[in-house]
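Here's the structure, in structure tokens; my notes come after.
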Amino acid sequence: MRTFLLKRSLQLIPTLFVVAVIVFFITRMLPGNPAAVMLGPQASAEDIAAYAERLGLNDPIYQQFFDYLINLVKFDFGNSLSYNQPIVNLIMERFPNTVILAVSALLIAIIVGVPAGILAAKKQNTIIDYLVTTLSLVGVSMPIFWLGVMLVLAFSVNLGWLPSTGMGSLDNGLWAFIRHLILPSLALATIPTAQFARVIRSSMLETLSNDYIKAARSKGLKETFVIYKHALKNALTPLLTVIGLQFSNLLGGAVLTETIFSWPGMGLLIVNAIDKRDFVVVQGSVIFIAIIYVVINLIVDVLYKVVNPKVNLDGGSGGAN
Amino acid sequence: MSDQLLTVNNLSVAFQSGSITTKAVNGVSFSLNKQESIGIVGESGSGKSVTATSILRLIPRSFAKITSGEIIFQGRDLIKLSAGQMRKVRGNDISMIFQDPSTSLNPVFTVGNQLVETIRAHRKISKKAAKQRALELLDLVGIPAPDKRITMYPHEFSGGMRQRVMIAIALACDPQLLIADEPTTALDVTVQAQILNLMKDLQEQLGMAIIMITHDLGVVWETCEQVLVMYAGRIVESATVKELYQRPLHPYTWGLLDSQITESQDSDAPLSSIPGSPPDLSYEVTGCPFVERCPYAEAICHQETPPLQQLADGHAVACHFQTGSNTLERKEHAYREGTFTRS
Amino acid sequence: MVEVANELEQTRELQYAKARKEQAFTRKLLRNRFAALGLGIIFLLIVTAIFAPLIATHPPNQMDVTKSLLGPGSEGHLLGTDSYGRDTFSRIVYGSRISLIVGISAVLFGAFFGSMLGLISGYVGGRTDAIIMRIIDGMMAFPFILLAIVLMSVLGQGLVNVVIAIGVSNIPGFARVIRGQVLTIKESEYIEVTRSLGARHGRILFYHIVPNSMAPLIVYATMSVAGAIISEASLSFLGLGVQPPTASWGSMLQEGKDFLVLSPELATISGLAILITVLGINLFGDGLRDALDPKMKV
Ligand SMILES: Nc1ncnc2c1ncn2[C@@H]1O[C@H](COP(=O)(O)OP(=O)(O)OP(=O)(O)O)[C@@H](O)[C@H]1O
Ligand SMILES: [Mg+2]
């Protein structure tokens with residue numbers, strides 16, 4: 001287990017390096033003098049020259065890249081002009097909010113999607129199955145920014161039950177906090193819920209056709225036991241993969257959801273920074289999200305191993321069964 | 001009467017897929033005494049597994065149905081039992097082991113876990129006692145160092161060891177009847193013999209009855225007293241093993257015997273197999289189901305389905321020309337490739 | 001004589017089997033009522049996009065501030081007007097063009113470059129494979145939409161840039177799918193035989209591997225079109241998509257969002273158009289996968 005962890009962690013290094021390269025060159029692709037772009041049209045020529053010097057834009061490109069890498073390793077993402085503070089501070093302030101949103105959405109997705117998928121598989125070819133299948137297909141096709149707007153229209157504009165923007169402070173009590181969380185997390189949860197239901201349904205159906213399920217029944221085990229012990233644990237492996245994949249979608253979906261609901265997370269930070277042309281913030285936040293995503297995938301890989309003892313120690317994401 | 005353990009009467013099973021009905025088992029009847037072993041042989045698709053799994057009512061409920069018949073086990077018709085009552089029979093009175101031990105054990109639970117859950121499904125005993133019993137069982141089936149093995153996962157066992165585990169699970173609650181569906185097919189030849197010997201020993205030791213399903217007449221010869229030959233979902237011949245070897249009657253049985261490798265066989269001699277393939281059971285079969293492949297077929301075989309007729313000494317056969325008054329002359333190499341052409 | 005007849009019969013049987021297989025595929029696809037529905041929606045979308053000028057009742061960008069935010073059905077505006085007085089129905093009709101163009105071109109872009117990378121990576125193997133896969137992993141570390149957002153913020157608004165941004169974001173997915181296929185096919189026996197017979201790399205690649213990778217590629221591409229349409233709408237919704245005043249469903253939704261109280265239809269209808277389109281494509285994609293190979297892991 002320890003060697004497995006070490007090996008997988010070492011594999012992250014090239015990936016993160018590539019991430020850094022991609023972001024570095026995308027931001028260098030900016031048309032015109034980056035310093036001029038960042039300072040905006042009102043800046044004077046001297047200001048721009050000084051700023052360019054400070055950013056090291058006059059150094060040779062490899063020198064710039066090298067400095068940039070050193071800073072990254074030191075977790076120094078630079079300073080934001082528009083917010084006038086280190087980007088690390090901005091991230092540390094905003095990221096927890098995104099985590100709250102993403103985790104609530106993930107929980108909703110697991111609590112609703114997984115049982116729905118199990119139920120559909122158990123009642124294959126019945127009306128319940130068709131209902132789950134149809135709803136989940138609509139779910140995965142949902143433009144969530146539209147769903148977000150519709151939720152606002154229904155629950156904030158028309159019914160007036162829930163707030164449409166912002167995040168509630170815990171100082172105002174738990175309910176105020178949750179009230180603000182409901183709509184954005186529902187919107188964000190839609191696609192993963194539908195996806196989980198689909199994946200669990202098909203993997204349960206596949207698992208239920210296995211010999212060991214027949215064998216378990218032949219031993220006289222109760223049907224609930226057969227389904228929830230023998231089938232479910234095997235069906236969970238694909239779910240874990242999808243949870244890992246969906247995390248990427250959650251972080252991406254958060255950008256849209258946060259914009260609609262003015263939820264002060266990383267997504268809103270990035271979108272606002274793009275508006276303000278504050279590219280240092282965009283660059284820092286995007287790299288940070290990529291790091292988080294890669295780390296989550298590592299965790300998923302490890303969980304994989306815990307759930308499925310057959311995955312070999314050094315093979316990484318080797319197939320199940 | 002008191003000796004009778006299982007009686008299957010006129011069992012028929014059909015699979016439904018869309019508008020297509022496949023009659024996989026068609027009016028199968030046989031009976032089995034306590035401590036007796038009976039073999040079921042036949043080509044792939046002849047309905048052996050379906051017959052066996054129907055006894056435990058393990059055929060997929062959503063698209064398979066027992067369309068007729070009764071399965072009397074210890075005086076009770078299993079078909080009429082409720083789901084709960086049936087569950088108490090499975091693994092307790094009747095156990096089953098399957099062809100491929102690598103897929104019949106759940107890969108994500110330890111062997112001990114799968115043994116203990118079986119014991120505790122039928123016996124109200126503590127986890128500790130169940131584990132003790134599990135250790136005894138592993139020892140019984142010849143698994144060395146059971147206390148170490150019990151915490152291991154199935155993939156850490158060899159094929160033969162896995163089948164031993166399956167046998168241990170099957171024997172966990174001292175069943176009266178063990179159904180073994182091709183228990184050695186997926187194993188190496190040397191391991192096959194070990195497993196068969198183990199099963200024979202255990203049967204003597206524990207005194208249970210066995211239904212042994214196999215392609216291999218040799219296995220039947222080694223382990224069984226009675227044998228049923230199945231073809232196209234029907235029993236076409238039934239006899240004691242000895243009788244079947246000395247005086248096989250059905251042309252299909254002759255074909256099966258010709259296609260077995262015998263020890264005395266000259267390794268250069270071509271192994272014959274029965275040309276053609278069994279009838280599609282999703283169509284109504286008229287006449288003898290074997291007629292298209294039978295070198296001895298005549299007009300009547302196309303028109304009338306021969307019933308299974310009881311001859312002397314408990315030997316029964318379903319053939320128009322093997323009724324006691326009629327007899328067929330068995331031809332040498334009738335099925336050898338090239339010498340037989342379909343009419 | 002007999003042999004010739006036999007051979008003929010065999011060939012005929014083979015052809016017959018092949019024809020039956022193809023027939024079975026089409027029948028399976030069409031018998032699947034959901035897939036047929038999906039195909040219908042896609043067909044409708046294509047017809048709308050092509051004949052937009054005939055279907056639309058007004059020029060899509062014609063403003064009339066005196067008639068802003070009209071309700072559906074009033075003054076000849078089927079679905080009402082937006083805040084500039086532009087006809088919503090006509091803009092929805094024209095918006096289908098953007099969705100379709102971006103959906104198809106971005107996927108073609110991603111499929112072309114992604115497949116190239118996947119083919120090279122899987123076929124050459126070794127160090128080349130390792131390097132390409134690290135790059136792909138790196139690209140995959142960005143949430144799809146985020147990569148597109150960052151690219152758009154650098155490239156600037158515009159239809160071509162949207163296609164490029166979404167197309168680039170599509171590359172890693174295609175590369176992975178194709179590489180997986182190539183690895184499986186490469187190991188299969190008949191490729192070994194072909195190779196041992198002295199076939200050249202190009203021949204093996206384009207006569208054996210490429211055709212055999214087609215089925216999963218097509219299914220994956222179909223699903224990706226749905227994703228690309230959503231991405232375009234998302235980018236336009238964030239103001240990073242096509243340039244205004246071009247009608248795009250995403251930008252219409254963004255405008256509609258600000259008039260939820262006065263004119264909720266605006267946001268509702270544009271979003272519904274996206275949902276129905278994407279649903280149609282996914283229905284079709286699901287059916288396609290089931291008909292081709294239900295076990296396909298795409
Ligand atoms: N799950 C199923 N769905 C549909 N038809 C089935 C199913 N299982 C069995 N059948 C039908 O029942 C027939 C008999 O199958 P069965 O498995 O009993 O054969 P078998 O004699 O055990 O063959 P084998 O030696 O290959 O195990 C098959 O030909 C098939 O048509
Ligand atoms: Mg069988």
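Just so it is clear: chains get the letters A, B, ... in the order the sequence lines come, proteins before strands, and each one is counted from 1. Any value given below was found using the heavy atoms of this structure, including those in side chains, with hydrogens, waters and symmetry copies removed. Because the structure is a prediction, the values reported are computed rather than measured.
- Heavy-atom pairs under 4.5 Å with chain A were tallied for C:Asn282, C:Thr268, C:Ile229; the largest tally goes to C:Thr268.
- For a residue to count as touching a neighbouring chain, one of its non-hydrogen atoms must lie under 4.5 Å from one of that chain's; by this rule C:Met139 touches chain A with backbone and side chain alike.
- Counting all heavy atoms, side chain and backbone alike, A:Val19 lies closest to C:Gly138 at CG2-O, 3.6 Å.
- We find the CG-CD distance between A:Leu153 and C:Glu265 to be 9.5 Å, quoted to the nearest 0.5 Å.
- C:Ile230 touches chain A through backbone and side chain together, each having a heavy atom under 4.5 Å away.
- Within the 4.5 angstrom heavy-atom criterion, no atom of A:Val21 approaches chain C.
- Using a 4.5 Å cut-off between heavy atoms, A:Val138 contacts chain C through both its backbone and its side chain.
- Note: A:Phe145 leads A:Phe145, A:Phe17, A:Tyr293 in heavy-atom pairs under 4.5 Å with chain C.
- Looking at C:Phe237, only its side chain comes within 4.5 Å of chain A, counting heavy atoms on both sides.
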Could you give me the CA-CA distance, side-chain angles and deciding distance for C:Ile274 and A:Trp146, then say whether side chain to side chain contact (heavy atoms under 4.5 Å, CB included) is met?
CA-CA 9 Å; C:Ile274 304 170; A:Trp146 177 67; 5.6 Å; no

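- Residue contact with chain A, scored on non-hydrogen atoms closer than 4.5 Å, involves the backbone and the side chain of C:Leu279 alike.
- Looking at C:Ala226, there are no atoms closer than 4.5 Å to chain A (heavy atoms on both sides), in backbone or side chain.
- Counting only heavy atoms from C-beta outward, the side chains of C:Asp137 and A:Val18 never approach each other to under 4.5 Å.
- Of the listed residues (A:Pro143, A:Ser156, A:Gly267, A:Ser141), the greatest number of heavy-atom pairs within a distance under 4.5 Å of chain C belongs to A:Ser141.
- For chain A, the option among C:Val261, C:Leu283, C:Leu240 with the highest count of heavy-atom pairs below 4.5 Å is C:Leu283.
- The residue among C:Pro264, C:Gly227, C:Ser234 with the most heavy atom pairs within less than 4.5 Å of chain A is C:Ser234.
- Looking at C:Leu238, only its side chain comes within 4.5 Å of chain A, counting heavy atoms on both sides.
- Counting heavy-atom neighbours within 6.0 Å of A:Ile127 CD1, excluding the residue itself, gives a total of 12 or less.
- How far CG of C:Leu275 is from CE of A:Met150: 11.0 Å, rounded to the nearest 0.5 Å.
- Contacts of A:Ile270 with chain C are made by side-chain atoms alone, with heavy-atom separations under 4.5 Å and no backbone atom involved.
- If you measure heavy-atom distances from C:Leu272 to chain A, the contacts under 4.5 Å come from both the backbone and the side chain.
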Could you go step by step and tell me if A:Met266 and C:Leu146 meet the side chain to side chain contact (heavy atoms under 4.5 Å, CB included) rule?
CA-CA 11 Å; A:Met266 295 291 289; C:Leu146 201 58; over 6 Å; no

Stepwise side chain to side chain contact (heavy atoms under 4.5 Å, CB included) test for C:Phe34 and A:Leu137
CA-CA 11 Å; C:Phe34 289 114; A:Leu137 193 68; over 6 Å; no

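- In this structure, no portion of C:Ile276 lies under 4.5 Å from any heavy atom of chain A.
- Here the OG1-CE distance, from A:Thr15 to C:Met140, works out to 12.0 Å after rounding to the nearest 0.5 Å.
- Looking at every heavy atom in both residues, A:Val149 comes nearest to C:Ala267 through CG1-CB, 3.9 Å.
- Here C:Leu260 is the residue among C:Ile145, C:Thr277, C:Leu260, C:Ile281 with the most heavy-atom pairs under 4.5 Å with chain A.
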